Structure formats: structure tokens, C-alpha cells
Q: 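First the structure, then my questions, so here it is.
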Amino acid sequence: MPASLTSIRLDGARLVGNFPLLPFKGSVRGPAPQPADPSQPDIIDEALTLFRANSLFRNFEIKNPADRALIYLTLFIGDCLSRIAHARTWGPQDAQKYLTTHALSQFSLPGEPGFPLNQVFVGANPGDRLAADALRSYLTQARQETVLRIVERYVYSPTDPSTEGGKKASKWWMAFSRRAFMGKKL
């Protein structure tokens, strides 16, 4: 059984290298375009929905550029979960602060030395400085929005009985904190 791919279509999304700047809805300000239909799931929703299933795979076949965004966000979600797991005493506010700081910290872009999946992201090098800055600001916004959603809706969800009303991290999500998607970590 292959890993789940994204159902998001590019529909005129800008490509930087071969990484798509897909629209997503959110409260974080940045360069990401707003989706045409906000009622449809965006790339961040898909990454969170498919994370647990995809994190079990060591191979991932890329069918379109949107799959590269899914891979990047899956790696980032795994990184966030491992950081929450290392600090077991965190509540949702502490996790939100720490992960937001982590989302804003310096990171390697696809195609740069130090990025763990450069062999998968062949041709993803942004090329010039302007494209690299556009990709970095897009990924920063996507990372911030991912942190907001994962903390509020999934890991510290008030509706999940294992979180004791949103006070503890969900055991159903933290079970995946040690999984390394495709054997890599950000």
C-alpha cells in the first residue's frame, strides 16, 4: 500500500524551484494566497489528516509538486511532536509559545545544504535571492499556521478524552513523536 498523496491541485499556484506556494486559510499574516473555496481542506489540513498514516512509510512517490509541500509539512509536524514529547510537563500555552518560536527560527530551504531531503526535492533550489526569500517567508507562514492548528485542534484538543480537557498532550498523537517519516527529521 503506497503512502497517501495530496488531493490539492496546483491551479495556477506559483512554483519556486519546484516547490509550490499553495493557498491556505489561516490567521497568520504572510505571502500565502487565500484559497478560492475556504470550505475545502487546504494543504495544512491534509498534512495533519494524513500525518499519522504517512509517518509509517519510508518511501513516498511524488506525483505532483503539491506532494513536496505535503512532505515538508509532514516532516515539520513530526518535528513539532518530538519537541512536545521532550517536554512532558507542557500545557497547551507552553507548547504554543515554544513551537511558534521554533517555527520562526532559522531553517534550511529545500535545495540548500543541510536540508534532509534534497535527494527527493531535486530541482527545488529557489535559484535567486528573491525566490529564496519568497519561499522562506511562505514556509515560515505555513509553519506558524501548522503550529496553531496542531496545538489547538489535535494534540491538546479539548474534545479528546485522553487530553483531560486540553490540559495534557494527546496520547494518540504523541505515539507518533518517535516516528521518522521516510527515515528523516528536520
Side-chain angles (χ1 to χ4, degrees), residues 4 6-8 13-14 16 19-55 66-110 115 133-179 181 185-186:
S4 299
T6 184
S7 64
I8 303 291
R14 179 178 168 205
V16 176
F19 195 93
L21 304 184
L22 297 168
F24 57 85
K25 54 191 177 276
S27 58
V28 179
R29 291 181 48 162
Q34 291 295 317
D37 185 6
S39 64
Q40 294 295 319
D42 59 16
I43 188 65
I44 296 173
D45 289 333
E46 277 205 2
L48 288 166
T49 302
L50 299 174
F51 171 76
R52 293 187 286 182
N54 282 348
S55 66
D67 291 332
R68 287 182 180 85
L70 181 68
I71 290 171
Y72 184 85
L73 290 172
T74 302
L75 286 171
F76 182 69
I77 292 166
D79 190 35
C80 289
L81 290 177
S82 66
R83 289 173 186 271
I84 291 172
H86 287 299
R88 298 188 187 278
T89 60
W90 280 354
Q93 291 82 15
D94 296 329
Q96 186 78 42
K97 287 179 197 173
Y98 182 77
L99 293 177
T100 300
T101 303
H102 172 60
L104 293 170
S105 65
Q106 187 68 19
F107 57 92
S108 296
L109 293 175
F115 186 71
D133 288 343
L135 181 58
R136 185 173 306 279
S137 60
Y138 174 82
L139 289 176
T140 300
Q141 181 187 3
R143 288 163 60 117
Q144 287 177 294
E145 188 62 35
T146 303
V147 165
L148 287 174
R149 293 184 197 183
I150 195 170
V151 170
E152 292 173 359
R153 296 183 195 171
Y154 297 100
V155 177
Y156 292 97
S157 172
T159 59
D160 184 354
S162 72
T163 64
E164 296 178 9
K167 296 177 185 168
K168 289 180 23 180
S170 170
K171 66 181 180 182
W172 306 113
W173 275 84
M174 298 315 296
F176 291 88
S177 64
R178 293 186 181 163
R179 299 291 311 180
F181 175 60
K185 292 209 178 238
L186 280 183

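This chain uses plain numbering: 1 for the first residue, then up along the sequence. Everything numeric in this text was worked out from a predicted model, so none of it was measured.
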Q: What residues form a side-chain hydrogen bond (donor to acceptor under 3.5 Å, both in side chains) with Ser157, not counting sequence neighbours?
A: Thr159
Q: Which pairs count as ring-ring contact (aromatic ring centres under 6.0 Å, His included) when at least one residue sits in residues 25-44, sequence neighbours excluded?
A: none
Q: Under a 3.5 Å threshold, yes or no: a donor from one side chain and an acceptor from the other, between Asn54 and Thr74?
A: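 Side-chain D/A pair, Asn54 to Thr74: absent.
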Q: Sequence neighbours left out, what passes ring pair (Phe, Tyr, Trp, His ring centres under 6.0 Å) with Phe107? Give chain and number order.
A: none
Q: As an exercise, state the distance from CG of Leu81 to CZ of Arg178, rounded to the nearest 0.5 Å.
A: 12.5 Å
Q: If the condition is side-chain hydrogen bond (donor to acceptor under 3.5 Å, both in side chains), which residues does Gln96 pass it with, not counting sequence neighbours?
A: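 Partners of Gln96 by the side-chain hydrogen bond (donor to acceptor under 3.5 Å, both in side chains) criterion come out as none, since no residue qualifies.
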Q: Tell me every residue that passes side-chain contact (heavy atoms from CB on, under 4.5 Å) with Ser105, counting only those two or more places apart in sequence or in another chain.
A: His102, Arg143
Q: Does a side-chain heavy-atom distance below 4.5 Å link Pro110 with Leu139?
A: yes
Q: Please name all residues satisfying side-chain contact (heavy atoms from CB on, under 4.5 Å) with Ala69, sequence neighbours left out, ordered by chain then number.
A: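 By the side-chain contact (heavy atoms from CB on, under 4.5 Å) rule, Ala69 matches Phe19, Pro20, Leu22, Ile43.
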Q: To the nearest 0.5 angstrom, please state how far the CZ atom of Arg136 sits from the OG atom of Ser108.
A: 7.5 Å
Q: Would you mind listing every ring-ring contact (aromatic ring centres under 6.0 Å, His included) that reaches into residues 139-172, with sequence neighbours excluded?
A: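 As it turns out, the ring-ring contact (aromatic ring centres under 6.0 Å, His included) pairs with a partner in residues 139-172, which skip direct neighbours, are Tyr154-Trp173.
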Q: Would Ser177 and Ile84 count as a side chain to side chain contact (heavy atoms under 4.5 Å, CB included) here? Give the steps.
A: CA-CA 8 Å; Ser177 64; Ile84 291 172; over 6 Å; no
Q: Taking side-chain contact (heavy atoms from CB on, under 4.5 Å) as the definition, give me every residue that meets it alongside Ser55, ordered by chain and number, with sequence neighbours left out.
A: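 Expected list: Phe51, Phe176, Arg179.
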Q: Can you tell me how far CG of Leu99 sits from CD of Gln144, rounded to the nearest 0.5 angstrom?
A: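 Rounded to the nearest 0.5 Å, the CD-CG separation comes out at 12.0 Å.
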Q: CG/Leu75 to CZ/Phe115 distance, rounded to the nearest 0.5 angstrom?
A: 6.5 Å
Q: With sequence neighbours excluded, what pairs up with Ser39 under the side-chain hydrogen bond (donor to acceptor under 3.5 Å, both in side chains) test?
A: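 In terms of side-chain hydrogen bond (donor to acceptor under 3.5 Å, both in side chains), with neighbours along the sequence ignored, Ser39 is linked to Asp37.
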Q: Give the table of side-chain donor-acceptor pairs shorter than 3.5 Å for residues 23-31, with sequence neighbours excluded, one pair per line with atom names and distance.
A:
{"residue": "Lys25", "atom": "NZ", "partner": "Gln40", "partner atom": "O", "Å": "2.9"}
{"residue": "Lys25", "atom": "NZ", "partner": "Asp45", "partner atom": "OD2", "Å": "3.1"}

Q: Shortest non-hydrogen contact from Asp160 to Ser170?
A: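 Scanning both residues, the minimum pair turns out to be OD2-OG, 2.7 Å.
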Q: Could you note down all residue pairs passing salt bridge (Lys or Arg N to Asp or Glu O under 4.0 Å) where residues 72-86 supplies at least one of them, sequence neighbours left out?
A: Asp79-Arg83
Q: Restricting to side-chain hydrogen bond (donor to acceptor under 3.5 Å, both in side chains), what partner residues turn up for Asp42, sequence neighbours left out?
A: Arg149
Q: Working to the nearest 0.5 angstrom, can you tell me the gap between Leu73 CG and Thr146 OG1?
A: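 OG1 of Thr146 is found 4.5 Å from CG of Leu73.
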Q: When rounded to the nearest 0.5 angstrom, what distance separates CG in Asp133 from OG1 in Thr140?
A: 10.0 Å
